[in-house]
A.B. asks: 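Okay, handing you the structure first.
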Amino acid sequence: MNYLIFALRLMIWLLLTADFGLVNLAIGILVSLLLPQGRRGRATLWQWLSTLGKVVMAVPRAYIQAIEMIVRPHPHEAIVREPVDPTRAPGLIFLDIFTITFTPKTIVLHYNEEGWFEVHQLVEHRPEK
Amino acid sequence: MILQWLSNACISFGLFLWLWGTWPLVGRRSPLYKLHFLSVSDTLGSMAIMIGVLLRIPREWPLLVLALISLALWNTILGYVLAYCSQGEDSDG
Amino acid sequence: MTAFLVIMLLILGIPLYAAWKGEHIWSKMLAFASIATKAAIMILLVSVQRDDWMIGIVGIIILSVGNGALMLLAQILRRLRDVANL
């Protein structure tokens with residue numbers, strides 16, 4: 001079972017119905033288990049939890065970066081390559097892309113199947129070529 | 001009272017981020033450069049405003065939290081898709 | 001609350017102006033994406049001000065389904081450019 005998909009479905013169900021009773025919870029679990037599932041993720045629960053932790057930590061980091069951008073202007077652009085393990089599950093790679101793009105200083109341009117992201121970055125000082 | 005004050009502070013902060021991040025749109029920089037600023041205003045600013053609204057009407061929290069999460073998700077994905085699709089273009093604003 | 005809404009309207013003018021003036025297609029796309037999000041948030045604030053949660057539901061729905069049309073349009077534009085460059 002793909003933990004992320006399951007958690008996401010159950011969460012959307014609970015927030016939509018706004019009813020945390022036992023019956024509704026059971027219906028939600030049943031529905032999220034019965035909905036058609038995609039490819040099986042090869043990731044372990046621990047990988048999911050650590051990636052989700054990074055996603056949660058990205059929120060305060062994004063605000064800190066926004067304030068940094070306001071206080072000190074970042075007028076220059078740079079493109080860097082960031083290595084990523086190509087054997088990671090697709091869901092985890094999606095979360096990685098989300099984490100990088102969510103922070104305002106960095107945006108993922110392109111994910112290459114051979115194992116790197118192309119990341120567009122705002123920098124304070126002109127990068128030496 | 002303190003909640004009201006906090007909510008006003010959140011909305012004001014969000015509005016400031018909106019203004020600051022939307023301003024570069026009229027400049028002549030590359031779309032990618034503008035996208036960084038839009039991510040500040042549209043994602044972070046709007047999230048701050050939503051938190052302000054959440055503090056005002058806490059009874060509707062399930063739907064507001066759902067909207068908060070989907071706001072962050074959709075805006076980020078849109079940023080990624082726009083960045084991916086606009087690259088390779090000559091970058092004269 | 002009304003003051004917030006007036007400021008929002010003024011800020012909404014910036015992407016409108018950018019969309020009207022920008023001759024570059026991607027600048028226009030960015031401006032439209034910005035307008036979509038800002039309008040949805042404004043709907044939420046209007047609903048709080050008028051104390052009418054029905055309006056708020058509309059804003060929530062707009063935020064939840066997201067702006068898939070813009071993503072589709074971006075893909076089409078990229079594909080068109082690829083075809084034109086062939």
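Residue numbers begin at 1 in each chain, while the letters A, B, ... track the order of the sequences. Bear in mind that the values here come from a model prediction, so they are computed numbers and not experimental data.
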A.B. asks: Is any side-chain heavy atom of B:E60 less than 4.5 Å from a side-chain heavy atom of C:I60?
C.D. replies: no
A.B. asks: Is it the backbone or the side chain of B:N75 that comes under 4.5 Å from a heavy atom of chain C, or both, or neither?
C.D. replies: side chain
A.B. asks: Would you compute the distance between atom CG of C:L63 and atom CG of B:L63 and round it to the nearest 0.5 angstrom?
C.D. replies: 11.5 Å
A.B. asks: Can you confirm whether more than 12 heavy atoms, excluding those of B:W23, are under 6.0 Å from its CH2 atom?
C.D. replies: no
A.B. asks: Based on non-hydrogen pairs under 4.5 Å, which of C:I61, C:V65, C:L77, C:L70 is most in contact with chain B?
C.D. replies: C:V65
A.B. asks: Can you find a pair of side-chain heavy atoms, one from C:F4 and one from B:N8, that are under 4.5 Å apart?
C.D. replies: yes
A.B. asks: Say you draw a straight line from CG of C:L16 to OG1 of B:T22; how long is it, rounded to the nearest 0.5 Å?
C.D. replies: 11.0 Å
A.B. asks: Do other residues, nucleotides or ligands put more than 12 heavy atoms under 6.0 Å from the CG atom of C:L80?
C.D. replies: yes
A.B. asks: Rounded to the nearest 0.5 Å, what separation is found between the CD1 atom of C:I62 and the CH2 atom of B:W74?
C.D. replies: 14.0 Å
A.B. asks: Over all heavy atoms of both residues, which pair between B:L82 and C:A33 is shortest? Give the atoms and the distance, please.
C.D. replies: CD1-CB, 4.5 Å
A.B. asks: Can you say whether B:L78 sits under 4.5 Å from chain C via the side chain, the backbone, both, or neither, judging by heavy atoms?
C.D. replies: both
A.B. asks: Any chance you could measure C:D82, atom CG, to B:C85, atom SG, to the nearest 0.5 Å?
C.D. replies: 9.5 Å
A.B. asks: When heavy-atom pairs shorter than 4.5 Å are enumerated against chain B, which of C:I57, C:L73, C:I11 gives the highest number?
C.D. replies: C:I11
A.B. asks: Please report the closest heavy-atom contact between B:P31 and C:L30, naming both atoms and the distance.
C.D. replies: O-CD1, 3.4 Å
A.B. asks: What part of B:L64 lies closer than 4.5 angstrom to a heavy atom of chain C: side chain, backbone, both or neither?
C.D. replies: both
A.B. asks: Using side-chain heavy atoms (C-beta onward) and a distance below 4.5 Å, is B:K34 in contact with C:W26?
C.D. replies: no
A.B. asks: So B:V26 and C:K21, do their side chains get closer than 4.5 Å, heavy atoms only?
C.D. replies: no
A.B. asks: Measure B:T43 against the heavy atoms of chain C and call it side chain, backbone, both or neither at under 4.5 Å.
C.D. replies: neither
A.B. asks: Where is the tightest heavy-atom contact between C:K38 and B:S41, given as atom of each residue plus distance?
C.D. replies: NZ-OG, 3.7 Å
A.B. asks: To the nearest 0.5 Å, tell me how far B:S7 OG sits from C:M1 CE.
C.D. replies: 6.5 Å
A.B. asks: Quick one: CZ on B:R56 to CG on C:L45, what's the gap to the nearest 0.5 Å?
C.D. replies: 7.5 Å
A.B. asks: Side chain, backbone, both or neither: which part of C:I41 has a non-hydrogen atom closer than 4.5 Å to chain B?
C.D. replies: side chain
A.B. asks: With only heavy atoms counted, which part of B:I57 is less than 4.5 Å from chain C, the side chain, the backbone, both or neither?
C.D. replies: side chain
